[in-house]
Peer 1: 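Mind having a look at this structure? Questions to follow.
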Amino acid sequence: MFHWLSSYNYDFALAAIPIQLILLAFYCSRRNLPVRSSHSFLWVMLFNLTMTASDLISCEMNEIWTQYPLWLMYVVNQAYFLSFIGRGWALFDYTAEECCSYDAMGRSSRLLSWIPAIGVSLLILSTPWTAAIFHFAPDRGYYNCEFYRSIYFSTYFYIAVSLLSVVVRWRRIPLRLKASVLGYNGVLIAGILLRKLFINTLVTSYFSILAILVIYLSAQNPDLYRDKRTLLFNQDAFDKIGAEFLRRGHTFHCILATVLNYESAKALYGHRQLDRSLQKLGRWMVTRFPGYYVFYFGNGNYLMLRQVSFQEHQEEILQSMREHFEQSWTSEDTDVVLSMAVMVLPCQALPREVARAHDLIGYAFSQAYVENKRGNMVITEEMEAQIQRQEAVEAALGRALDERRVEAYFQPIYSTAEERIVGAEALARLWDPKLGFISPVEFIRVAERTGDIMELGRQIFEKVCIFLEQEHPEELGIQCINVNLSPAQCLNDQLSSELSAIAHAHNVPMSMIDFEITETSIEDFLLIQKQMLRLQKRGAEFSLDDFGMGTSNLTRLMSLPIHVVKLDMNVVNAYFNGESGILPDLVRMFQNANMKIVVEGVETEQMKVELADMGCDYEQGYYFSRPVPPTEFLNYLHAQRQMA
Ligand code: C2E
Ligand code: MG
Ligand code: MG
């Protein structure tokens, strides 16, 4: 057994040293977040190591102090006391950084927090001359002096203010951080109490290392901020860095790069191959964009952040983006081809609130392709305004649905064979007290995203049924009413039973309803087909809406129970503007397939006549009437009847 000179029990202190060394080595071998709390944590570990080592050394040397020069004895003991104070301060500093307390309390609060540590450090440094903290007397060697307790005062003070910063910021900090801060301060307090109980055992450094472990495991493990697939920083890392840069007023910009063919690449190459390529793509970004921190947000979305003003280096940054991302990226050994879209996000456009920032970034990733196509590569504050508008629309729609205020307007459908109005399309209308009239194009998209489309669909369908039940428009020649069905509604397995229950409750036969479904979103084809067949069984019929807007698989289309095709008004307009002559060919094709044809966007007498001559069966458009409220629609039908 090693023979120690001092009567102190070193077991705990000795055990703490290798743990601290391992943690330190592990921590330094990883790339840590460039944020202040990481630096503070590193200081905590360095102070703790110095404190533990100097504690052991000074205790031993104090036993045989006469063998060393007096100045060395002072230096060794001062090193212990200074690192003790330093550790206490650094732990508080770490807590304050994590809880953003300095920012909440003003910039000078950081300087103010140094005062106790600096005061006690001055006492320690002056000790050789003032004997403030300790002294060496010829007869008894080392002994504690009058201000020795100030060491503990400083420690208590920093623990108290750490706890205070958590309490003050309680509502704003995440649960994990609260648990972590309370946990390590609790461990420190336990250490102090035990030290008092077992005066001859050096336990402080042991409890210190336990506190450090709590921090490491709960918040400072570099793996918490790393994406496992690409080994890049992850979204949590971005939240910390971005939030800190914004708080501190740093100028920076981000480049958002998204893999456009992520889903198809997954299907084509498989998970493993794609993951490998995503990792390589990440590494490629790291080497091609030096000075940037590269993050991976999942689903083929990368973000690069650099502390450089976009405004000042605009041309250079955009040029580099064009150079690197215009061509698809290919990995040399796997042949995986990934095509990318990119957007720059200057820090001025980044909202300060994390949730908002995520909304904007998510939105930018989703819009990058469209914006790039338009020649735009910069995210502006207007995009943030668009998101806010979407949120306002979402809230307005929610209120309107709660109060059942969404209205159904009707737009007549004219039969070219019978030369009169035989149907109508029901179109949703939303008027909000705050936002005024909101276009269905806008709120339908929002409703599809939030899932409100289900309720909206039910309410509009019910209003149509009530109209049919109360007004009997069939007596005025109406054969059926067209109701738009969003493909998102077909995801509801109960759709057909819900809708037929509503129709049944209002004594409306389903044969009075013709559902319009858009061709652009026949992606969940099988699901949609299933719902259509169920509704068809109950008597409903189907039209394909907006044909000519998207790209359709015609064979697949023909396998749906569709009897009417509505040609989109863009196709009709293109014909009358002389931009495209495809309209007559389309009409002939659907005639051959025994489908009825409706043309949308008929605005003039000339269009009406020519389209009828071309062989279109039905016409709809402003020429006949705009979409109008139910009573106006009835008046329109009465007027038409009188004219006839
Ligand atoms: P849609 O189903 O293609 O409806 C036709 C749109 O064209 C309507 O726009 C109508 O007002 C407009 N329109 C009709 N004739 C003319 C014309 O001659 N000239 C011009 N410029 N426009 C004309 P609206 O009402 O703004 O609706 C837009 C889209 O919103 C609809 O397109 C439909 O896809 C969707 N939508 C509307 N109501 C509902 C609904 O209750 N449920 C669902 N799922 N979607 C709906
Ligand atoms: Mg429609
Ligand atoms: Mg349409």
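The analysis underlying the following values was restricted to heavy atoms, covering all of them including side chains, and did not include hydrogens, waters or symmetry mates. One-based numbering, in listed order, for ligands and for the atoms of each.
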Peer 1: Give the atoms of ligand 1, by number and element, whose distance to some non-hydrogen atom of Arg429 is under 4.0 Å.
Peer 2: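 Going through ligand 1 atom by atom, the ones under 4.0 Å from Arg429 are 11 (O), 25 (O).
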Peer 1: Specify side chain, backbone, both or neither for Leu427, according to which of its non-hydrogen atoms lie closer than 4.0 Å to ligand 1.
Peer 2: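 Within the 4.0 Å criterion, Leu427 contacts ligand 1 through backbone and side-chain atoms alike.
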Peer 1: Near Glu425, which atoms of ligand 1 are under 4.0 Å from a heavy atom of that residue?
Peer 2: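 With Glu425 as reference, the close atoms of ligand 1 come out as 1 (P), 2 (O), 4 (O).
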Peer 1: Could you list the atoms of ligand 1 found under 4.0 angstrom from a heavy atom of Pro627?
Peer 2: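 It comes down to these atoms of ligand 1: 11 (O).
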Peer 1: Using 2.8 Å as the threshold, say whether any N, O or S atom from Ser543 sits that close to the Mg ion (ligand 2).
Peer 2: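 No, since none of the N, O or S atoms of Ser543 sits under 2.8 Å from the Mg ion (ligand 2).
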Peer 1: Looking only at N, O or S atoms in Asp546, which is nearest to the Mg ion (ligand 3)?
Peer 2: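 Sorting the N, O and S atoms of Asp546 by distance to the Mg ion (ligand 3) puts OD1 first.
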Peer 1: Answer with side chain, backbone, both or neither: which part of Asp546 has a heavy atom less than 4.0 angstrom from an atom of ligand 1?
Peer 2: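 Just the side chain.
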Peer 1: With heavy-atom distances below 4.0 Å as the criterion, list the atoms of ligand 1 near Ile460.
Peer 2: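 Answer, ordered by atom number: 41 (O).
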Peer 1: Below 4.0 Å, non-hydrogen atoms only: which portion of Asp545 touches ligand 1? Side chain, backbone, both or neither.
Peer 2: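 Looking at Asp545 and ligand 1, just side chain atoms fall under 4.0 Å.
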Peer 1: With the Mg ion (ligand 2) as the point of reference, which N/O/S atom of Glu425 is the closest?
Peer 2: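 Considering only N, O and S atoms, Glu425 comes nearest to the Mg ion (ligand 2) through OE2.
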Peer 1: May I have the angle between Asp545 OD1 and Glu600 OE2 with its vertex at the Mg ion (ligand 3), rounded to 10°?
Peer 2: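 It comes to 100°.
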Peer 1: Quick one: which ligand 1 atoms are inside 4.0 Å of a heavy atom on Val441?
Peer 2: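 In order of numbering, the contacting atoms are 28 (C).
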